[in-house]
Amino acid sequence: MTTLVHGTDTLTRDALTVLQPGFVGTTAPDWLLRRIGEGLSSVGLFGRNIVSPEQLTALTAQLRAERDDVLVAIDEEGGDVTRLEVKQGSSFPGNYALGSVDDVELTRAVARELGRRLAACGVDLNWAPSADVNSNAENPVIGVRSFGPDPDLVARHTVAYVDGLQGVGVAACTKHFPGHGDTNVDSHDALPRIDVDLATLHARELVPFRAAVAAGTKAVMSAHILLSALDPHRPATLSPQILTGLLRQELGFEGLIVTDGMEMQAVAATYGIERGSVLAIAAGADAICVGGGLCDEDTVLQLRDALVTAVRTGELPEERLADAAARVRALAAWTQAHRARGAESVSGAAVQEGTAPGADIGLVAARRALKVTRGERPYTPMTSAPYVASFTPVANFAVGDETPWGIAAELERLLPGTETGSYADSSVDALLAAAGERRIVAVVRDLHRHAWMTEALDALVAARPDTVVVEMGLNEAEPRGALHIATHGAARVCGRAAAEAVAGTGA
């Protein structure tokens, strides 16, 4: 039995401090407020917690009425992964669109405006940006969430994004360290493995993270991936060699290390969330993210008790837990100071939303990100209502299936009477029958990864050569159709920009 330096109350508070749990509902449940009073220092928000800016502002005020320095975190990448606009689709294009434009000032402006909206609602820690180098086009979970496949491009846009967020007082959490781009497995489902040598890791995966650390990112999120060249036994989230040796000592990062969701199968299926959390803190993590799936009081208490027990049995050094808790409190103090200094200007931004300079920056960026390729024959913009055929793949867990995507709603706004249908197999007979004489707009997502989708689209274009094709995922397949539009993401604003191109009304 280890002799404790601090009393049980301090130990319990430290264990609560390092947790970043989620919850169900659009107001804070009593159990969450009670645990905040006992020492819980962070809360994570997801789409299920948000219905409007006004409601979100009231929710964060409710949390801070219990404790003024509580960290309110969110998984708001913009683009395909949005929580602020989970039911509508994002007003901002994602990383792939920004990387395709490759204007760092545009990226900084987008991140700044997104940060202003978060800050106006009381959110002060964003689990973004994704700094993964998407070197594997078959990657099922990163894809358009990455700025691209080039390490230097990803690095400069990661820095711009961090600058944009933190310039308005929202802490950035650069993810997924040390790089989730070269995987063909989703860590929500299983443990991805990257078997490349150290030279490749340093020349590719680590380039954006080095840049983010140098730029002062306040937090870094670990990845549940196995990198055999660094640690052949444990995923990065649980690896002292990676979190302490590489991130802390070699890269010199002094901020908050946050884990990816501990209920993800890459960790939970092998270690369980309780042992996984103990190992993560021991390895060098400072905050345990949990709540995307497990979001109840029992989960919080299980993890708290697991950490306390690990200290008492000597498995987890008390000094390591205390250090982790201190880093959480340090970040909370930074955000609290920014919130106090920026209260007046943030309030002004909230009042001016939609009219303030830069408020339409997301649409500006989405329009600039379009890549339009014309077919052999001249393209005539559509003036009558088309039929939109959406070829729908299974959404990955990070994106979810509740956020709408496509261009049908935006085309309906421009061309009233537009109809749409969703298709998930290679047959196009039903599609052609539903379309009738109307022109067809085929919407795809990561065409190169889905053989059935490629077969269906080829058959459609052969039967109807005047079909317009809109690719809203990675732009890896050869252009097809009378007009091929690559949006570089499926955010709502990307759909609007594409609809404008189809109808010939773009700004």
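Residue indices begin at 1 and follow the sequence shown. Only a predicted model underlies this, so the values are computations on that prediction, with no experimental measurement involved.
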D458 bridged to R480 by N-O distance under 4.0 Å:
yes
Shortest non-hydrogen separation from G489 to T487 and the atoms involved
O-OG1, 2.6 Å
Quick one: pull up CG in D152 and NE2 in H157 and give me the separation to the nearest 0.5 Å.
11.0 Å
Quick one: OG1 on T174 to CZ on F209, what's the gap to the nearest 0.5 Å?
7.0 Å
side-chain hydrogen bond (donor to acceptor under 3.5 Å, both in side chains) assessment of Q20 paired with W127
CA-CA 11 Å; Q20 292 190 348; W127 295 320; 3.2 Å; yes
Side-chain contact, heavy-atom cut-off 4.5 Å: V443 with M472?
yes
Evaluation steps, side-chain contact (heavy atoms from CB on, under 4.5 Å), between L106 and V104:
CA-CA 5 Å; L106 178 67; V104 292; over 6 Å; no
Flag side-chain contact, heavy atom, 4.5 Å: V220 against V258
no
Checking S91 against R492: is there a side-chain donor and acceptor pair closer than 3.5 Å?
yes
Mind listing the closest non-hydrogen atom pair of M382 and V441 along with its distance?
CE-CG2, 3.5 Å
P129 and V162: which non-hydrogen atoms are nearest, and at how many Å?
CD-CG2, 4.1 Å
State the CD-CG distance between E138 and L474, to the nearest 0.5 angstrom.
9.0 Å
Tell me whether D80 contacts the main-chain N or O of A490 through its side chain, where contact means a donor paired with an acceptor under 3.5 Å.
yes
Ion pair present between E76 and R117, side-chain N to carboxylate O less than 4.0 angstrom?
no
Donor + acceptor pair across side chains of R413, T418 (<3.5 Å)
no
Are E419 and R438 ion-paired here, with the side-chain N under 4.0 Å from a carboxylate O?
yes
Taking all non-hydrogen atoms of both residues into account, name the closest pair between T217 and F253 and its distance.
O-CE1, 3.2 Å
Does the distance from a Lys or Arg side-chain N to an Asp or Glu carboxylate O, for R377 and D466, drop under 4.0 Å?
no
Side chain of S130, backbone of D132: donor and acceptor closer than 3.5 Å?
no
What distance separates N126 CG from L165 CG, expressed to the nearest 0.5 Å?
5.5 Å
By the ring-ring contact (aromatic ring centres under 6.0 Å, His included) test, which pairs, at least two apart or in different chains, include something from residues 466-492?
Y96-H488
Would you please name every residue forming a side chain to side chain donor-acceptor pair (under 3.5 Å) with E376, sequence neighbours left out?
none
D103/R368 ion pair, N-O < 4.0 Å:
yes
Residue pair N134 / G143: nearest heavy atoms and the distance that separates them:
OD1-N, 3.2 Å
For the OG1 atom of T27 and the CG atom of N49, what is their distance to the nearest 0.5 Å?
9.5 Å
Donor on one side chain, acceptor on other, S41 and R329, under 3.5 Å
no
Is any side-chain heavy atom of V170 closer than 4.5 Å to a side-chain heavy atom of V123?
no
Checking side-chain polar atoms at under 3.5 Å, does N95 have a donor or acceptor matched by the opposite partner on E77?
no
Looking only at heavy atoms, the pair that brings L431 and A389 closest together is CD1-CB, 3.4 Å
SG of C121 to CG of L45, rounded to nearest 0.5 Å, is 10.5 Å
Distance under 6.0 Å and angle within 45° of the ring axis: does R445 meet both against W405?
yes
Of K218, R112, R108, the one forming a salt bridge (charged side-chain N to carboxylate O under 4.0 Å, His left out) with D163 is R108
How are the rings of H176 and H180 set relative to one another: parallel (under 30°), tilted (30 to 60°) or perpendicular (over 60°)?
perpendicular
